Protein chains: 2
Amino acid sequence: MLGDMIEARHLRVLRAVATTGSFSAAARELGCTQPAVSQQMKALEQSTGTPLLIRSGREMRLTQAGEALVRHATGILAGLTAAEEEVAAIAGLRAGRVRLVSFPSGSSALVPSALAAMRAAHPGTRVSLVEAEPGRSVEMLREGDCEIALAFRYPEVEVRGDGQAAREEWDDLVVRPLLTDRLVGVLPESHRLAGADRIGIGELAEEPWIAGCPRCRRHLVEVCESAGFTPRIDFATDDYPAVFGLVGAGLGVAVMPELALESVVPMGARTVPVEPLVQREIVALTLPDLERVPAVGAMLDRLTEATRR
Amino acid sequence: MLGDMIEARHLRVLRAVATTGSFSAAARELGCTQPAVSQQMKALEQSTGTPLLIRSGREMRLTQAGEALVRHATGILAGLTAAEEEVAAIAGLRAGRVRLVSFPSGSSALVPSALAAMRAAHPGTRVSLVEAEPGRSVEMLREGDCEIALAFRYPEVEVRGDGQAAREEWDDLVVRPLLTDRLVGVLPESHRLAGADRIGIGELAEEPWIAGCPRCRRHLVEVCESAGFTPRIDFATDDYPAVFGLVGAGLGVAVMPELALESVVPMGARTVPVEPLVQREIVALTLPDLERVPAVGAMLDRLTEATRR
DNA sequence: CAGACCCCCCAAGCCGGGCTTATGCTCGGA
DNA sequence: TCCGAGCATAAGCCCGGCTTGGGGGGTCTG
């Protein structure tokens, strides 16, 4: 029920017989023995129900049905090799597309260098990049709208009954940790603690706060509450330069991933380590099957490498 | 070495999976069990070296390589079914061409009725007809320039050392006897024997003869010599009406196949049975492999049938 | 004219691969 | 929480392919 079709192998053998003019020559060309060719042709003639070859004296000729098959074989085998070639190009990293989605402004250094390394190593591949919040990016990953999602997670501050609420939603994904990012405090230059070596987060209990994305904001609240106070959040923005602007204007304090400070120069603000140590883990997420896709795997490797500079 | 190629069956399964969205549905569509589909896809992924399908939650999605394969599969499977269809049409006598070559003017009644019967029974087939001498027609058959050769042979008059010289050259062919044709004498109306019931060939020993084709001429000489004389041959022509004209003009006598008299009316000539009985056997020749080609076999059957009217 | 070579067919045997049944697992819905 | 659907896996049977070895026929050449 599944194999009642002309097989491509048969066509290849038939074509070899037609071009070489003999079973033996076809066998040599195909790298097998002559009886193998003989049997293949017998099987093909049986499956088609009509003779395909005429053994007339020494030369081998095609019947009309044989000619028809050979005529079609050209296109079919060409299509088959084209298909093999295309998938081989993808498998061999000479082609292939990776859709990468990253959280906004979270990987200003990481992603570009990984993209550059990928392009250098596998020029045929194409990597596209769009930005989305971690929640949305994971959704896109599950929906098939991207192959790699860059996200971050915070360790749980307090141990609750369901200890791994944040990690739980990823347990069917491949989670490749890239790097852990320490959060530092950001204070106005004029702040009394701006010059401190390090500060406890509780020392900022009375300050107005400027928070980041919802996820970051939630975690900030958790950290502060475990330190004994509830932060008064006056502003919330994803945009790190905006945070600097707000802090520089003396409108509040903030915490911010250290990585975000690498590519910008804070104006009118000072950074200072805070205690307790607050870390953010940046990870690349993908689906188990996708990890084995060569281009996806290669891009994951490039992302991992990009953290080792 | 022979099967290191993507198989058409794999593509069919992959396409079914892609369109139905699940292995089970594909299995139902293909008429096999679900593990069969599962294994086919695993084998295909292994042979291509890259994942083709993403099992994400409940829905099944294609990777880029899978999409490429499905895209090619459309054309490949279409070509394959087109090839199957064409050869099936030939096998099912809905198409096919038969090249028939007949000796000149030897089958004025036989061939046309067989052609008509063939066209009526299998309208899709095409039969072409050209004329050639028996020697040449057999050569064409062996060269692949025709599928059926109509020829005739005479029984050996005298038993020589190599008793079957004429039959020997056909012993690797399929010889299908169609009918045996008695030769009759053709005399001028004014001839003294024109009104006889039958004559011995020896009674024409002194007449000038009009012979037919080289083959017929050779046989005429053999028959006459076994009757004790050597015929004096003044004219030789393949054209039966011309023979009648020559005989009618009193220029000689001739022998002629009875069949040739069916579609012409002799003018100024009389036919009379001769003794000893001289017969000519009309046969259809083909190659052993060609006999099994449906259209060729059907045409042979029509030729055989055409003799039974 | 005979030997030699080439090519094809046939038979037997080994091997791999495919399909099936049976079973377990996961996930989503009632 | 139970149930149904769907996929994966294992074991087993079976068919089909490829190989080796032997035989027959045709052609070319010495």
Side-chain angles (χ1 to χ4, degrees), chain A residues 1-14 16-18 20-47 51-61 142-143 168-173 287-289 292, chain B residues 1-14 16-47 51-62 66 142-143 162 168-173 287-289 292:
Chain A
M1 189 62 82
L2 218 119
D4 55 351
M5 188 176 244
I6 291 181
E7 297 183 29
R9 175 165 26 95
H10 287 159
L11 293 182
R12 225 177 53 162
V13 176
L14 176 65
V17 170
T20 62
S22 89
F23 284 10
S24 300
R28 285 191 292 272
E29 183 176 307
L30 296 171
C32 65
T33 61
Q34 172 267 322
V37 175
S38 197
Q39 291 179 33
Q40 290 286 325
M41 290 300 91
K42 177 176 288 188
L44 183 55
E45 289 185 332
Q46 185 170 355
S47 85
L52 303 173
L53 295 165
I54 317 253
R55 291 83 162 171
S56 168
R58 196 178 53 235
E59 61 183 337
M60 189 79 66
R61 277 196 306 273
R142 293 192 203 277
E143 295 291 324
E168 192 167 286
E169 58 177 318
W170 293 351
D171 60 0
D172 59 336
L173 301 179
L287 298 177
D289 291 318
R292 294 169 40 233
Chain B
M1 189 62 81
L2 219 122
D4 55 349
M5 188 175 244
I6 292 180
E7 297 182 29
R9 177 165 24 98
H10 287 159
L11 293 182
R12 227 177 49 162
V13 175
L14 177 65
V17 170
T19 55
T20 62
S22 88
F23 284 11
S24 300
R28 284 190 294 270
E29 183 176 306
L30 296 171
C32 64
T33 61
Q34 169 266 321
V37 175
S38 198
Q39 292 182 56
Q40 290 286 323
M41 289 300 92
K42 177 177 287 187
L44 182 56
E45 288 185 331
Q46 185 169 356
S47 84
L52 302 173
L53 296 165
I54 316 264
R55 291 84 162 168
S56 169
R58 196 179 52 234
E59 59 183 339
M60 189 78 66
R61 277 195 307 271
L62 290 169
R142 293 190 203 278
E143 294 291 324
D162 52 345
E168 190 167 290
E169 60 178 317
W170 293 350
D171 60 358
D172 59 336
L173 301 179
L287 298 176
D289 291 320
R292 293 170 39 236

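Residue numbers start from 1 in every chain, and the chains themselves are labelled A, B, ... in the order their sequence lines are given, proteins ahead of strands. All values derive from a computational prediction rather than experimental measurement.
- Here C/dC19 presents its P atom at 10 Å from CZ of B/Arg12, a figure rounded to the nearest Å.
- One atom, CG of B/Leu52, and another, C1' of D/dC7, lie 17 Å apart when rounded to the nearest Å.
- B/Glu59 places its CD atom 13 Å from the C1' atom of C/dC27, with the value rounded to the nearest Å.
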Sub-3.5 Å pairs of nitrogen or oxygen atoms, protein against nucleotides 9-12 of chain D:
residue : atom : partner : partner atom : Å
D/dT9   : OP2  : B/Lys42 : NZ           : 2.6

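- Across the interface with DNA chain D, nearest-nucleotide mapping of B/Arg28 and A/His10 shows B/Arg28 to be the residue nearer the 5′ end.
- Proximity note for B/Ala36 (side chain, C-beta onward) versus C/dT20, C/dC7, D/dG6: the nearest is C/dT20.
- Whole-Å rounding puts the B/Leu53 CG to D/dG6 C1' distance at 14 Å.
- Side-chain nitrogen and oxygen atoms of B/Arg55 include at least one within less than 4.0 Å of the OP1 or OP2 phosphate oxygen of D/dA8.
- Judged as a side chain to side chain contact (heavy atoms under 4.5 Å, CB included), and not counting sequence neighbours, the contacts of A/Ala43 are A/His10.
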Q.
Would A/Leu287 and A/Leu173 count as a side-chain contact (heavy atoms from CB on, under 4.5 Å) here? Give the steps.
A. CA-CA 5 Å; A/Leu287 298 177; A/Leu173 301 179; 3.4 Å; yes

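- Between D/dC18, C/dC19, D/dC7, one nucleotide has an atom nearer to the side chain of A/Gln40 than all others, and that is D/dC18.
- In this structure, the side chain to side chain contact (heavy atoms under 4.5 Å, CB included) partners of B/Thr33, at least two apart in sequence or on a different chain, are B/Pro35, B/Ala36.
- Taking atom CG on A/Asp289 and atom C1' on C/dT26, their separation rounds to 15 Å, with Å as the unit.
- When each of A/Glu45, A/Arg12, A/Arg9, A/Glu7 is checked for a side chain to side chain contact (heavy atoms under 4.5 Å, CB included) with A/Gln40, only A/Arg9 meets the rule.
- Taking atom CG on B/Leu30 and atom C1' on C/dG18, their separation rounds to 14 Å, with Å as the unit.
- A close approach under 4.0 Å does not occur between any side-chain nitrogen or oxygen of B/Thr33 and OP1 or OP2 of C/dT21.
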